[in-house]
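Working notes for the structure below.
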Amino acid sequence: MTKPQAYIKDLNEFVGKEVTLKGWLYNKRSSGKVKFLILRDGTGLLQCIVFKGNVSEEVFETADSLAQEASFEVTGLVKEEKRAPGGFELDATDVKLIAASVDYPISPKDHGIEFLMDHRHLWLRSKRQAAILRIRHRIIKAMRDFFDDRGFTLFDPPILTPNACEGTSTLFETEYFDLGSAFLTQSGQLYAEAGALALGKVYTFGPTFRAEKSKTRRHLTEFWMVEPEMAFFDLDDDMDLAEEFLEYVIQTVITERKSDLDDLERDTTLLEQVKRPFPRITYEEAVKILHEKGVDFKYGDDFGAADETIISDHFQKPVMVHRWPAETKAFYMKRDENNPNLALGVDVLAPEGYGEVIGGSQREDNLDLLIERIKEHNLPQEYFEWYLDLRRYGSVPHSGFGLGLERTVAWICGLDHIRETIPFPRMIYRNTP
RNA sequence: UCCGCGAUAGCUCAAUGGUAGAGCAUUCGGCUGUUAACCGAAGGGUUGUAGGUUCGAGUCCUACUCGCGGAGCCA
């Protein structure tokens, strides 16, 4: 048997028993005839005590020789111990080296971001990065559970696409055999619409790509998006779903991953308040808020990062901004029947300066109007014929939204940069390791 | 693409234009309860690249490279 008898997270079930654990040396302290080995096993950290009088000379030498991140197994008695972080300790009776680690580059003191990103494959072993990745995993599970439990079908759109989905962003381009160029998808939405008209309620969950030369703390070139799309949903139904979704995900994660959030020293006071209903304001009302705060903002422009922060700080909860000037929005958005200059789109702005985490809309379901929009945006109609078919054969009102996973992880974890939210971030000046 | 800042030991950072230093990491020694342990010692440098000013450049000037922060674009 090579797998460990127990994992650190389950040690409360082993108090008073002798177990063998396996992992890596996180840190080591010593005081003459006693060694303190900090074991890391992927589920937590555990201090293992090696007293010279309790073990053989050989075992004590082995404990002494372990370097940072050496892999080893340790056998001993599990004890409750108030002085130890986590509340448990292991009184070691045996220590065996599995494999050495020579000159591990990431020492316990400070490091710069460039060095850490160069060693991202090793940085992931740190307590902080492991906590973030466990939270990311729990967020993804909560999202899938939410849709799975509400009659949605997972619908995987293609990643290689023949055209720009929205015609606005710069995309990564690649040769595709004899068929010319293909592009890495920037959104699965148009395909999800086909899914919604086939299956009723679907969601996509996968990577998306933007070749924009964005250089900010909120952008990656490769990021994950979850995009529900629902037949017979109007914009209000869409907003109802978005706020129920955010409430479920956040309340689940702050309950289930509390210890990881504590390790990140995340103050969850504002996250606990993320409960329905969220404020819903029109674009026009949002502009009014900016003007009242003395911001020089022109009606019709899109909000910048600073503007979003001012609007969300006004509420201390996620705020839904709907009914935008149509010129700034994508071609597929339906117009407001009461004012055709407005698009039935909604952006959800997260509090604490995290900005837009959700963008959604009711889609244009009228064939003639959609063709008109494609022409207005100078898009090649031949690429959209399949999309227009969705309006030719039993068109229905439908809506959906897209949520940026990494921005949500950054928000929940309270991170100041999106690059720590994904194992190997892809940014404008970095595609390694 | 634009604006701003930066690059010195493996890492994080010091160093009036005048002999390049500290902490961590590594190696050796000490300590039976340490919490980024502590105490003592040792090894470790083409100061990002190229050029210029000067008796003398890590320091001043020019260009370039790379990185960081922000803007725009967006999730």
Side-chain angles (χ1 to χ4, degrees), chain A residues 26-38 45-55 60 64-65 67-69 79 81-86 89 91 101-119 122-123 126-128 165-166 168-171 185-189 207-227 301-308 328-330 345-350 354-360 401-411 416-419 421-422 427-430:
Chain A
Y26 195 75
N27 199 358
K28 178 175 67 176
R29 294 178 281 270
S30 88
S31 178
K33 298 189 173 57
V34 57
K35 306 279 176 199
F36 302 92
L37 308 179
I38 314 301
L45 298 175
L46 175 71
Q47 176 157 282
C48 306
I49 318 299
V50 186
F51 276 108
K52 190 161 192 171
N54 293 1
V55 297
F60 195 75
D64 188 49
S65 72
Q68 192 182 358
E69 289 299 326
K79 295 194 309 187
E81 172 57 66
K82 283 184 185 140
R83 286 174 290 186
E89 274 189 353
D91 217 341
S101 166
V102 179
D103 294 334
Y104 186 72
I106 305 179
S107 62
K109 287 262 176 142
D110 294 335
H111 299 281
I113 190 65
E114 184 185 4
F115 177 81
L116 290 170
M117 289 305 306
D118 283 344
H119 297 84
L122 300 176
W123 188 22
S126 77
K127 187 167 139 187
R128 175 185 165 83
C165 166
E166 303 180 13
T168 52
S169 289
T170 312
L171 305 186
T185 184
Q186 63 166 326
S187 164
Q189 180 203 311
T208 51
F209 307 86
R210 305 279 165 94
E212 300 283 352
K213 294 195 170 180
S214 298
K215 189 170 159 34
T216 81
R217 66 181 66 195
R218 294 182 309 280
H219 287 86
L220 297 170
T221 56
E222 176 183 315
F223 63 100
W224 286 63
M225 215 162 30
V226 56
E227 296 177 286
D301 285 353
D302 208 344
F303 300 128
D307 303 322
E308 288 181 351
T328 66
K329 290 293 179 183
V346 56
D347 281 4
V348 182
L349 306 180
Y354 285 96
E356 183 185 349
V357 290
I358 283 180
F401 61 82
L403 173 138
L405 175 64
E406 285 76 15
R407 284 189 184 175
T408 306
V409 176
W411 170 28
D416 63 9
H417 201 298
I418 198 168
R419 65 187 157 209
T421 61
I422 186 168
M427 292 169 293
I428 173 169
Y429 293 127
R430 174 178 292 280

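Naming convention: chains lettered A, B, ... in sequence-line order (proteins, then strands); numbering from 1 in each chain. Atoms considered below: every heavy atom in the structure, side chains included; atoms not considered: hydrogens, waters and symmetry mates. Please read these numbers as outputs of a predicted model, since none were measured by experiment.
- Nucleotides of RNA chain B nearest to A:Ala305 and A:Glu222 differ in position, and the one nearer the 5' end is that of A:Ala305.
- Heavy atoms of A:Asp347 sit nowhere under 4.0 angstrom from any nucleic acid atom.
- Aromatic ring pairs are classed by plane angle as parallel below 30°, tilted from 30° to 60° and perpendicular above 60°; the pair A:Phe115 and A:His119 is tilted.
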Any chance you could lay out the side-chain contact (heavy atoms from CB on, under 4.5 Å) test for A:Trp123 and A:Ile106, step after step, and finish with the verdict? CA-CA 7 Å; A:Trp123 188 22; A:Ile106 305 179; 4.1 Å; yes
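- The base-pairing partner of B:rU12, taking Watson-Crick or G-U wobble contacts with both distances under 3.5 Å, is B:rA22.
- OP1 and OP2 of B:rC68 both lie 4.0 Å or more from every side-chain N or O belonging to A:His417.
- Using C1' as the reference atom, B:rU59 and B:rG18 are 11 Å apart when rounded to the nearest Å.
- Nearest to the side chain of A:Ile49, among B:rG10, B:rG33, B:rC74, sits B:rG33.
- Here the side chains of A:Glu89 and A:Ile49 are in contact, with some heavy-atom distance below 4.5 Å.
- Side-chain proximity of A:Asn27 to the nucleotides B:rG33, B:rA36, B:rC74 is greatest for B:rA36.
- Going from the P atom of B:rC38 to that of B:rC24 covers 6 Å, rounded to whole Å.
- Candidate nucleotides B:rU32, B:rA36, B:rU26 were compared by shortest atom distance to the side chain of A:Asp103, and B:rU26 ranks first.
- Picking from B:rG33, B:rA71, B:rA75 the nucleotide with the shortest atom distance to the side chain of A:Arg218 gives B:rA71.
- With distances taken from any side-chain atom of A:Tyr429 to the nucleotides B:rG33, B:rG67, B:rA75, the minimum falls on B:rG67.
- With rounding to whole Å, A:Met427 atom CE is found 6 Å from B:rC68 atom P.
- Across the protein-nucleic acid pair, A:Asp91 atom CG and B:rU32 atom C1' stand 12 Å apart, rounded to whole Å.
- Put simply, the side chain of A:Arg407 reaches to within 4.5 Å of the side chain of A:Ile418, judged on heavy atoms.
- For A:Glu114, the side-chain atoms get nearest to B:rC66 when compared with the rest of B:rA25, B:rC74, B:rC66.
- Within the shown strands, B:rU27 is the pairing partner of B:rA41 under the Watson-Crick or G-U definition, both distances less than 3.5 Å.
- Rounded to whole Å, the distance from CG on A:Leu171 to C1' on B:rC74 is 12 Å.
- Rounded to whole Å, the distance from CZ on A:Phe209 to P on B:rC73 is 24 Å.
- Comparing B:rG56 with B:rG72, their C1' atoms are spaced 47 Å from each other, to the whole Å.
- Atom CD of A:Gln68 is separated from atom P of B:rU27 by 12 Å (rounded to the nearest Å).
- Taking only distance into account, the side chain of A:His111 never meets the base of B:rC11 through a donor-acceptor pair shorter than 3.5 Å.
- Between B:rG45 and B:rG40, the distance separating the two P atoms is 24 Å to the nearest Å.
- Within 4.0 Å (heavy atoms only), A:Phe115 reaches sugar-phosphate atoms of the nucleic acid but no base atom.
- Rounded to whole Å, the separation between the P atoms of B:rA15 and B:rG58 comes to 15 Å.
- Residue contacts shown for A:Ile38 are absent, as no nucleic acid heavy atom lies under 4.0 Å away.
- If you take atom C1' in B:rC11 and the same atom in B:rG51, they sit 31 Å apart, rounded to whole Å.
- One donor-acceptor pair, N or O on each side, does fall under 3.5 Å between the base of B:rC73 and the side chain of A:Ser214.
- Between B:rU49 and B:rG67, the distance separating the two C1' atoms is 15 Å to the nearest Å.
- Inspection of the A:Ser101 and A:Gln68 side chains reveals no N or O donor paired with an N or O acceptor under 3.5 Å.
- Side chain of A:Phe223, nearest nucleotide from B:rU34, B:rA75, B:rU32: B:rA75.
- Using the Watson-Crick or G-U wobble rule with both distances under 3.5 Å, B:rC73 pairs with nothing in any strand shown.
- Rounded to whole angstrom, the span from the CZ atom of A:Phe51 across to the P atom of B:rU34 amounts to 11 Å.
- In plain terms, the two heavy atoms of A:Leu171 and A:Ala211 that are nearest each other are C-CB, 3.6 Å.
- Across the protein-nucleic acid pair, A:Lys33 atom NZ and B:rG29 atom P stand 14 Å apart, rounded to whole Å.
- Checking B:rU1, B:rA75, B:rC73 against the side-chain heavy atoms of A:Glu212 singles out B:rC73 as nearest.
- On the C1' atoms, B:rG23 is 27 Å away from B:rC66, given to the nearest whole Å.
- In this structure, A:Leu37 and A:Gln47 have side chains that are not in contact, with every pair of non-hydrogen atoms separated by 4.5 Å or more.
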Under the side chain to side chain donor-acceptor pair (under 3.5 Å) rule, what do A:Glu227 and A:Gln189 come out as? Steps first, then yes or no, please. CA-CA 7 Å; A:Glu227 296 177 286; A:Gln189 180 203 311; over 6 Å; no
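- Nucleotide B:rG6 forms a Watson-Crick or G-U wobble pair with B:rC66, both donor-acceptor distances falling under 3.5 Å.
- Side-chain proximity of A:His219 to the nucleotides B:rU32, B:rG10, B:rC73 is greatest for B:rC73.
- In this structure, A:Ala67 reaches neither bases nor backbone, as no heavy-atom distance under 4.0 Å exists between it and the strands shown.
- Within 4.0 Å of A:Lys35, counting heavy atoms only, lies no atom of the nucleic acid at all.
- To the nearest angstrom, C1' of B:rG33 lies 13 Å from CG of A:Asn54.
- A donor and an acceptor atom never sit less than 3.5 Å apart when one is taken from the side chain of A:Arg419 and the other from the base of B:rC68.
- In this model, the phosphate group of B:rU32 is not approached by any side-chain N or O of A:Lys52 to a distance below 4.0 Å at OP1 or OP2.
- Listed candidates were B:rA75, B:rA36, B:rC68. Nearest to the side chain of A:Lys215 is B:rC68.
- Where A:Met117 and A:Lys28 meet RNA chain B, the nucleotide closest to each residue was compared, and A:Lys28 sits on the side nearer the 5' end.
- Using a 4.0 Å heavy-atom distance criterion, A:Glu406 is classed as making no nucleic acid contact.
- The pair A:Asp347-A:Lys329 meets the salt-bridge criterion, with a side-chain N (NZ, NE, NH1 or NH2) lying under 4.0 Å from an Asp/Glu carboxylate O.
- Among the protein residues, A:Ser30 comes within range of the nucleic acid bases, having at least one heavy atom under 4.0 Å from a base atom.
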